[in-house]
2 protein chains.
Amino acid sequence: MRREPAAVRSQPRLVDVAGRAGVSMATASRALASRDGVSELVAARVRDVAAELGYVANPHARTLAGGTTSVAGLLVYEIGDPYFSEIASGVVGAAAEHGWSVQISHTERDSSAEAAQVRVMRAHRVGAIVVAGSGYVDPAMEAEVARELDDFQVGGGRVVVIGRHHLRCDAVLPDNIGAAESVAAHLLGLGHRRMAVVAGPSHLSTVADRLGGIRAAVSAHGLDPEGLPVVYAPFTREGGRSAAGQVLDRHPGTTAILALNDAMATGVLSLLRERGVAVPHDVSVTGFDDIQVAQDLAPALTTARLPMSEMGATAFELALRPRAARPRRKPTGHGLIVRDSTAPPR
Amino acid sequence: MRREPAAVRSQPRLVDVAGRAGVSMATASRALASRDGVSELVAARVRDVAAELGYVANPHARTLAGGTTSVAGLLVYEIGDPYFSEIASGVVGAAAEHGWSVQISHTERDSSAEAAQVRVMRAHRVGAIVVAGSGYVDPAMEAEVARELDDFQVGGGRVVVIGRHHLRCDAVLPDNIGAAESVAAHLLGLGHRRMAVVAGPSHLSTVADRLGGIRAAVSAHGLDPEGLPVVYAPFTREGGRSAAGQVLDRHPGTTAILALNDAMATGVLSLLRERGVAVPHDVSVTGFDDIQVAQDLAPALTTARLPMSEMGATAFELALRPRAARPRRKPTGHGLIVRDSTAPPR
DNA sequence: CTGAAAGCGCTAACAA
DNA sequence: TTGTTAGCGCTTTCAG
């Protein structure tokens with residue numbers, strides 16, 4: 001087998017297609033973009049030639065010339081985190097179905113880094129930006145990103161956020177409040193009265209919403225939500241461990257710990273095991289999200305399920321639709337998944 | 001509040017930076033690309049102005065003009081799979097440090113889809129492609145992708161694969177054989193003689209290598225590797241469940257099950273629990289990779305650790321270096337993480 | 001319905 | 001060391 005010589009044929013260009021089809025570049029361009037103003041006969045010929053040559057438009061030239069992009073940006077906290085990787089999976093899957101590519105950036109929950117990432121995505125002229133990850137309770141913390149995203153939208157870009165943000169854009173809204181209520185109601189229904197919450201950073205709207213749902217359920221049961229201990233820590237396994245330690249030390253009579261995500265719940269379980277506290281016999285534990293491993297923890301975790309992958313897909317589909325006069329809101333459902341980490345108090 | 005009129009400030013361009021810094025575009029371009037031929041004084045001023053204006057180069061213009069790209073393509077099986085999401089995390093992190101963006105595609109281990117994805121990345125003129133995920137034992141199965149990647153490299157693109165492939169390109173090579181040997185040696189050292197392997201698809205080189213390492217360790221212990229039962233199933237939790245069922249049914253005396261990745265090990269544990277088989281009392285179980293949740297399974301999983309995130313970062317760093325005359329190989333280390341799922345046989 | 005020509009923002013010769 | 005200028009491949013007015 002002979003390798004072809006220097007004739008490393010670069011990929012065919014529009015001018016090659018146009019020439020071969022005997023039309024001008026303008027016509028070829030129109031034909032391939034399925035824009036009208038070209039006779040069906042000519043258009044078909046151009047498309048045939050393009051296919052024959054294996055022509056694929058250079059997206060850089062196309063974008064530079066003001067055409068449409070088919071690359072979306074996705075901002076996640078950390079793609080290695082299961083919550084975000086499941087969302088990303090939904091976005092990437094939906095994007096592929098529509099012939100789009102997805103560019104991923106880490107934000108590591110630093111809101112100024114977030115703005116910088118958006119700037120990079122804008123510079124890359126992505127057609128849409130999906131922001132996964134929680135918004136902030138305080139609008140001021142989002143001001144910089146908001147400005148950047150606004151500019152992007154004004155310039156014709158599409159923005160969809162997952163979670164509650166202070167941004168004028170379409171949003172996929174996980175039902176954090178409803179999910180929290182159902183988890184809390186489950187524990188209250190089992191008879192728990194001395195519960196404690198292991199929460200992520202208080203400035204995240206996700207944390208605020210989940211906490212709100214729990215408090216609402218507590219109130220609905222005729223109890224005082226003010227009496228509910230809440231320990232704040234990072235939204236991670238380690239955060240869950242340290243917060244659980246504080247709960248044990250400061251509130252010894254606690255019979256149930258509600259972690260505000262599964263990563264923290266994992267840490268809680270880990271620490272309780274280490275301290276010899278039996279779950280659910282001594283203390284019940286609940287999580288949030290239902291990441292894939294929740295079912296395999298020891299004991300299998302009772303948790304509120306959010307459809308992460310579906311949320312990602314929905315966000316992308318939303319991004320594909322033209323911007324509406326008023327921002328769209330797509331609420332998601334939630335489910336209570338009862339497993340082995342909850343039981344009536346002793 | 002009045003919306004600003006037509007003055008929708010688009011992003012600053014090179015000409016804006018150059019003008020503000022009082023230099024020509026060429027000089028500004030050189031300064032920002034850290035190319036030499038610019039006095040340090042001028043270069044510093046240009047960089048300051050750029051930072052002040054929040055200037056980010058338009059990668060499309062840059063690419064079109066024949067400059068270098070700073071977008072890498074990453075092919076993974078499924079970004080929702082922890083193994084790949086940890087690798088992706090390493091790639092995205094390293095890329096960000098160097099000012100690169102990462103475009104992610106799913107291949108779902110279909111080798112023709114793989115080729116199609118590479119084609120898309122080529123059309124997008126990415127500067128480098130990182131292929132994560134196993135290669136195939138049979139070179140023919142990779143022929144199409146190989147052709148596509150070769151063309152890409154001939155055109156100046158960089159390709160780095162993670163895992164053993166039949167491709168002429170740089171590679172990060174997880175030490176599957178060494179890791180497998182250490183896991184098998186651990187079990188043999190505990191006294192196990194009736195072991196069974198729960199393997200992923202036999203056409204994957206990862207599976208072949210890990211199996212080879214296990215067989216080598218068995219031989220080294222003076223035992224016949226031919227006597228080692230191997231059950232093949234999908235490389236997933238479900239695959240692990242079904243394979244474990246077959247092991248239990250067909251090889252009742254088994255005292256240790258070696259799963260070839262942690263996802264399968266998770267399934268194995270799940271099925272054993274369901275069937276009332278105590279781990280490690282009745283049967284020891286081992287995994288592979290040490291994904292983050294391995295430590296939180298019930299019982300905590302003994303497994304061979306591969307540094308996934310580091311592998312991703314290494315792959316990207318390799319992609320940044322110019323192509324060498326002969327393909328580079330970066331072997332990784334491995335570690336044996338002994339936890340609670342292994343013990344001497346009864 | 002089709003073609004000619006003017007850029008999009010940048011880099012890379014080539015001049016100065 | 002710096003500036004001038006000609007494209008990169010495509011889309012999109014504006015004429016025909």
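Chain letters run A, B, ... following the sequence lines, proteins first and then strands; every chain starts at 1.
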A:Leu64 has an atom CG; how far is it from atom C1' of D:dT12, in whole Å?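 In whole Å, D:dT12 C1' and A:Leu64 CG are 13 Å from each other.
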
Interatomic distance, B:Arg62 CZ vs C:dA12 C1' [rounded to whole Å]: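 Rounded to the whole Å, the gap is 13 Å.
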
A:Asn58, nearest nucleotide to its side chain (from C:dT2, D:dC10, D:dT2):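 Selected nucleotide: D:dC10.
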
B:Arg13 side-chain proximity, nearest of C:dC10, D:dT2, D:dC10: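 Taking heavy atoms from C-beta onward, the closest nucleotide is C:dC10.
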
Please list all pairs passing the salt bridge (Lys or Arg N to Asp or Glu O under 4.0 Å) test where one or both residues lie in residues 52-61 of chain A, with sequence neighbours left out.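 Qualifying pairs, neighbours excluded: A:Arg20-A:Glu52.
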
Can you tell me how far apart CD (B:Glu108) and CG (B:Leu75) are? Round to the nearest 0.5 Å.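 One finds 11.5 Å between CD of B:Glu108 and CG of B:Leu75.
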
Is the shortest distance from a Lys or Arg side-chain nitrogen in B:Arg45 or B:Asp48 to a carboxylate oxygen in the other one below 4.0 Å?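 Salt bridge flag = no for B:Asp48 with B:Arg45.
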
Give a yes/no on whether any side-chain N or O of A:Thr63 is located under 4.0 angstrom from OP1 or OP2 of D:dC10.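 No, A:Thr63 has no side-chain N/O under 4.0 Å of OP1/OP2 on D:dC10.
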
Does the side chain of B:Tyr55 get closer than 4.0 angstrom to OP1 or OP2 of C:dG9 through an N or O atom?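 B:Tyr55 to C:dG9 OP1/OP2: no side-chain N or O under 4.0 Å.
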
Short side-chain to backbone donor-acceptor contact, [X] and [Y], under 3.5 Å:
{"X": "B:Asp151", "Y": "B:Glu148", "value": "no"}
{"X": "B:Arg125", "Y": "A:Pro59", "value": "no"}
{"X": "B:Glu142", "Y": "B:His166", "value": "yes"}

So if I take the C1' atoms of five pairs at each end of the helix from C:dC1-D:dG16 to C:dA16-D:dT1 and get each local axis, what angle do the two axes make, rounded to 10 degrees?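 Answer rounded to 10°: the end axes differ by 30°.
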
Under the criterion side chain to side chain donor-acceptor pair (under 3.5 Å), I'd like the reasoning laid out for A:His106 against A:Gln117: C-alpha separation, chi angles, the key distance, then a yes or no. CA-CA 8 Å; A:His106 284 175; A:Gln117 302 292 6; over 6 Å; no

Nearest non-hydrogen partners of B:Gln153 and B:Arg168, listed with the distance: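 Minimum heavy-atom contact is NE2-O, 2.9 Å.
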
Can you name the nearest heavy-atom pair linking A:Ser105 to A:Met121, along with the distance?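 A:Ser105 and A:Met121 have their closest heavy atoms at OG-CE, 3.4 Å.
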
Looking at every strand, decide which applies to B:Arg35 at a 4.0 Å heavy-atom threshold: base, sugar-phosphate, or nothing.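 It contacts sugar-phosphate atoms only.
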
Contact nearer the 5' end of DNA chain C, comparing A:Gly37 with A:Ala65: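 On the 5' side of the pair lies A:Gly37.
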
Which residues, if any, of residues 23-33 of chain B bring a heavy atom under 4.0 Å of DNA chain C?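 Here the set is B:Met25, B:Ala26, B:Ser29, B:Arg30.
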
